Visitor: 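Shown below is the structure under consideration.
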Amino acid sequence: MTDSRSRILDRIGRSTGGHYDADTIEATFQALSHQQTGAPVQPEMGLTDPVATFTAEAGRNGARVAELESMTQVTQWLRDNVRDATTDANFHLSPAIIGRSLDWSGLNTTAETPAAAGSWGVVQAHTGIAETGTVMSLSDECPSGLLFLVERLVVVIARRDIVGYQEEAWQRLKARGALPRTVNWITGPSRTADIEQQIQIGAHGPREADYLLIDEQ
Amino acid sequence: MSQVQTQEPQPDFIIRSRAALEDNHLQEALEKAGSGFVYKRQAAIERIGNFEQLRDQARQVRVRALKHLDLYLLHFEKKVQNAGGQVHWAETPEQMREIVIGLCQAQNAKTATKGKSMVGEEVDLNEALEAAGVEPQETDLGEYVLQLAHERPSHIVAPALHKTKAQVQSLFRANHALGERALDEVADIVNEARAVIRDRFLQADVGITGANMLIAETGTAAIVTNEGNGDLTATLPRTHIITTSIDKIVPTWEDASAILRVLGRSATGQDITTYTSFFTGARSERDKDGPEQFHIVLLDNRRSELLGSEYEEMLHCIRCGACMNHCPVYQAVGGHSYNSVYPGPMGAVLTPLLRHEEQDNQLPNASTFCGRCESVCPVRIPLPGLMRKLRDREQREAKHASVSTLAVKLFCRLSRHPVLYRRLTHFSLKLVSMIRGRKSRFRTLPLMSGWSRHRDFPAPDNGSFQSQWQQRHKGTNHD
């Protein structure tokens, strides 16, 4: 299909007037990007306190936000929130959460693929974005599938990791170096409006989304 | 899963739309969907103070992306390769089908889960996969319903918009072993689909999705969804294939933000969809999961010919569907009347340009030119203007001049000869008054049955406009 490639690029080139060989692509791209960097236009929404806006927007998009003080309170919050005592809740943890040696007594943690009802995912977000109440997770920190296969997703997020607008999240992402295979942005529980445009919470992903705000040094 | 309807649709828009107007299920579904999108969009843009500026910014991003499209595509390709993925180029729908089937067969794939991809629909991917022995499994709820019904999408964002809840219930009853499970509420229907499709995610050999944007900076494909099916399709199988088109490029991540800020608000009235996911290449050793193989297939299908043409602005389209949500014609006749993957105003422009079949010439005429589509388009595509250009093109290309063209030409000639014009109108009014006798309205008119079938034509009184004007001004002083 090399021919298709060159024919398509030729046709585009007739309009753009561009001729690029492999060596100049990067330099030309960089030059163009620098030329065009202007101030981004961001939604006007009175965003002065990122944590407050994050909390409000996440709530509006269907996530529940809980205010905690530290990571050590997370497991107690989970114990308090396993509501239906007759259903065994299975907790699927991201590597970052496992690495924190928390007190999991009374909670059934598992490494199996989340499938049955009653599966909870507990993960830590890399960044929170106040603009839309969104959490960002990276596949080199947390398996992407975990975010989608559980029934209830609990995302722990440090208040210091909450930024105002999307552009600040990009800066944090680019500062880490090579991109992970998947960058996930999640805003609330999964939903569909495919049946008569009626919004139904809980489509293929989690039916519930909880964001736990904590302080970290 | 079996074939999409084998019966060829009626090639005439007028006949298709007449049938649509008489289809009670469709009218009920359109009624229910109708204003929802409009109100939700309005509420979303009122929550922020500067939506018009966001539109301008999004438009600028699209202009810049197309201005150096080849550079950005080449940069994108290189970055995908650096991240362990591959980019494939398809000039035609046929080539795209061949490439995707080849990739599936190289994996000995028996099943492929699918996220929503309008480009996949554009090239009839499902039929080709089936014929090649790969079972396509739609996972978006709307697309899944349509696969059961053997139908095409009728809307680019809400593919099963034309289906009522009752119709979905009977499809599920016919196709699922329901047992004791209920199906009364929307929640029951969604849960049923979730349960049936969940295993398919875990077992599929290949996952095929579309892409909303391709970010040149890092070779990243962005996908915007609400159900989570797109991510399960992209993440769980060994191979992830993206079917998309060359015009989806944006230069940088900041540019992607500019598009995201208008896309959700314009489409569903969400400031952001539940899931926005960015895929860069295949899984590396640092990643905790993800596919081992990553392929992006880029479709041209005449898009490169539009670049630099008078239709270039159509390539700005970000596929939000706002134009059809606000279109009085689409809202009356639904998406299937357009007989194209792309319905509504954007489809009325894009279909004649990409498919260029004789029957597609009707589509730019399926508009009242009320202008709502242009007024809500997040990237300000002048849709009525483009439709007007396509109407001109139709006239230029027409092998035989139509009756209406001849009539307009005749009128142009006549109006340049005032004396002849006056005599002729005078004479014809005499003729009309002889025919009408005492009637004040005509029930039928020769050559105008389309008009008189549904209404009467008032019989003219008191002579032509020009003669009345002269009468009225006889006594008045013009000085």
Side-chain angles (χ1 to χ4, degrees), chain A residues 1 4-5 7-9 11-16 18 20 25-26 28-29 32-33 36 40-41 43-45 61 95 113 115 132 134 139-145 147-149 166-167 170 179-198 200 202-205, chain B residues 32-33 36 48-50 53-54 57 64 68-71 74-75 78 88-91 95 141-142 158 160 165 168 186-187 189-190 194 218 226-229 231-232 235-236 251-254 257 261 271-272 274-281 283-284 286-290 300 304-305 307-308:
Chain A
M1 296 295 166
S4 306
R5 179 181 181 276
R7 276 197 295 271
I8 293 170
L9 288 169
R11 274 197 298 274
I12 298 172
R14 253 174 259 159
S15 159
T16 61
Y20 309 100
I25 294 168
E26 187 62 44
T28 320
F29 179 86
L32 269 178
S33 303
Q36 287 158 345
V41 180
E44 282 174 15
M45 51 193 299
N61 285 313
T113 309
T132 47
T134 298
S139 65
D140 54 8
E141 292 184 352
C142 170
S144 178
L147 307 169
F148 295 90
L149 287 167
Q166 293 179 16
E167 286 79 2
W170 300 150
L179 286 174
R181 139 77 189 175
T182 308
V183 176
N184 289 112
W185 279 11
I186 302 176
T187 314
S190 76
R191 65 184 66 203
T192 181
D194 273 347
I195 310 296
E196 294 187 347
Q197 308 311 297
Q198 204 174 307
Q200 181 62 44
H204 293 295
Chain B
K32 284 185 177 156
I48 52 171
N50 58 342
Q53 274 175 278
L54 295 178
Q57 185 80 357
R64 276 197 281 116
H68 301 285
L69 182 61
D70 42 2
L71 173 75
L74 287 165
H75 197 270
K78 208 177 86 184
H88 309 261
W89 304 70
E91 278 189 285
Q95 280 181 10
L141 179 57
K165 183 173 123 189
V168 176
V186 170
I189 297 174
V190 174
R194 176 186 167 110
T218 49
N226 277 310
E227 295 185 4
N229 65 308
D231 287 276
L232 291 165
T235 303
L236 300 183
T252 65
W253 286 72
E254 286 74 13
S257 282
R261 285 179 177 133
D271 46 15
I272 194 155
T274 302
Y275 302 115
T276 306
S277 307
F278 304 88
F279 303 113
T280 311
R283 170 188 191 168
S284 77
R286 289 175 299 118
D287 290 301
K288 309 299 179 204
D289 66 354
D300 181 353
S304 58
E305 292 167 24
L307 212 60

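No experiment lies behind these values; they were computed from the predicted model shown.
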Visitor: Find the distance between NE2 (B/His88) and OG (A/Ser4) and round it off to the nearest 0.5 Å.
Guide: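 The distance works out to 12.0 Å.
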Visitor: Partners of B/Tyr275 by ring pair (Phe, Tyr, Trp, His ring centres under 6.0 Å), sequence neighbours excluded?
Guide: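 Once residues adjacent in sequence are excluded, the partners of B/Tyr275 under the ring pair (Phe, Tyr, Trp, His ring centres under 6.0 Å) criterion are A/Phe148.
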Visitor: Below 4.0 angstrom, N of the basic side chain to O of the carboxylate: do B/Arg261 and A/Glu44 qualify?
Guide: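 Looking at A/Glu44 together with B/Arg261, the answer is no, because their closest N to O distance does not fall below 4.0 Å.
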Visitor: Nearest 0.5 Å, what's the CZ-OG distance between B/Arg64 and A/Ser33?
Guide: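 Nearest 0.5 Å value for the CZ-OG distance: 8.5 Å.
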Visitor: Can you tell me if B/Ser257 and A/Trp170 form a side-chain donor-acceptor pair at under 3.5 Å?
Guide: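 There is such a pair between these side chains.
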Visitor: Mind checking what makes salt bridge (charged side-chain N to carboxylate O under 4.0 Å, His left out) contact with A/Arg14, not counting sequence neighbours?
Guide: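 Scan of A/Arg14 (salt bridge (charged side-chain N to carboxylate O under 4.0 Å, His left out), adjacent residues dropped) gives none.
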Visitor: Any heavy-atom pair between the side chains of A/Thr182 and B/Asp287 that's under 4.5 Å?
Guide: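 A side-chain contact under 4.5 Å is absent here.
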Visitor: Would you please test A/Thr192 and B/Glu227 for side-chain hydrogen bond (donor to acceptor under 3.5 Å, both in side chains) and show each step?
Guide: CA-CA 6 Å; A/Thr192 181; B/Glu227 295 185 4; 2.7 Å; yes
Visitor: Pick one of side chain, backbone, both or neither for B/His75, based on which atoms fall under 4.5 Å of a heavy atom in chain A.
Guide: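 Both the backbone and the side chain of B/His75 come within 4.5 Å of chain A.
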Visitor: Does a side chain donor of either B/Asp70 or A/Thr16 reach within less than 3.5 Å of an acceptor in the other side chain?
Guide: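 Yes - a donor-acceptor pair under 3.5 Å links their side chains.
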Visitor: Go through the steps to decide whether B/Lys78 and A/Phe29 satisfy the test side chain to side chain contact (heavy atoms under 4.5 Å, CB included), and finish with yes or no.
Guide: CA-CA 12 Å; B/Lys78 208 177 86 184; A/Phe29 179 86; over 6 Å; no
Visitor: Looking at B/Asp300 and A/Arg7, is there a salt bridge between them, counting it only when a charged N and a carboxylate O are closer than 4.0 Å?
Guide: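 So A/Arg7 does not pair with B/Asp300 through a salt bridge.
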Visitor: Which atoms of B/Val186 are under 4.5 Å from chain A, going by heavy atoms: the side chain, the backbone, both sets, or neither?
Guide: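 Both parts, heavy atoms under 4.5 Å.
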Visitor: By a 4.5 Å heavy-atom criterion (distance strictly below it), what part of B/Leu236 contacts chain A: side chain, backbone, both, or neither?
Guide: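 It is the side chain, since no backbone atom gets that close.
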Visitor: If you look at every heavy atom in A/Ser144 and B/Thr235, which pair is closest and at what distance?
Guide: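 The answer is OG-OG1, 3.7 Å.
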Visitor: Please determine if B/Lys32 and A/Glu196 form a salt bridge, counting it only when a charged side-chain N lies under 4.0 Å from a carboxylate O.
Guide: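 So B/Lys32 pairs with A/Glu196 through a salt bridge.
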Visitor: Can you confirm whether B/Trp253 sits close enough to A/Leu179 that some side-chain heavy atom of one is under 4.5 Å from a side-chain heavy atom of the other?
Guide: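 Yes - at least one pair of side-chain heavy atoms lies under 4.5 Å apart.
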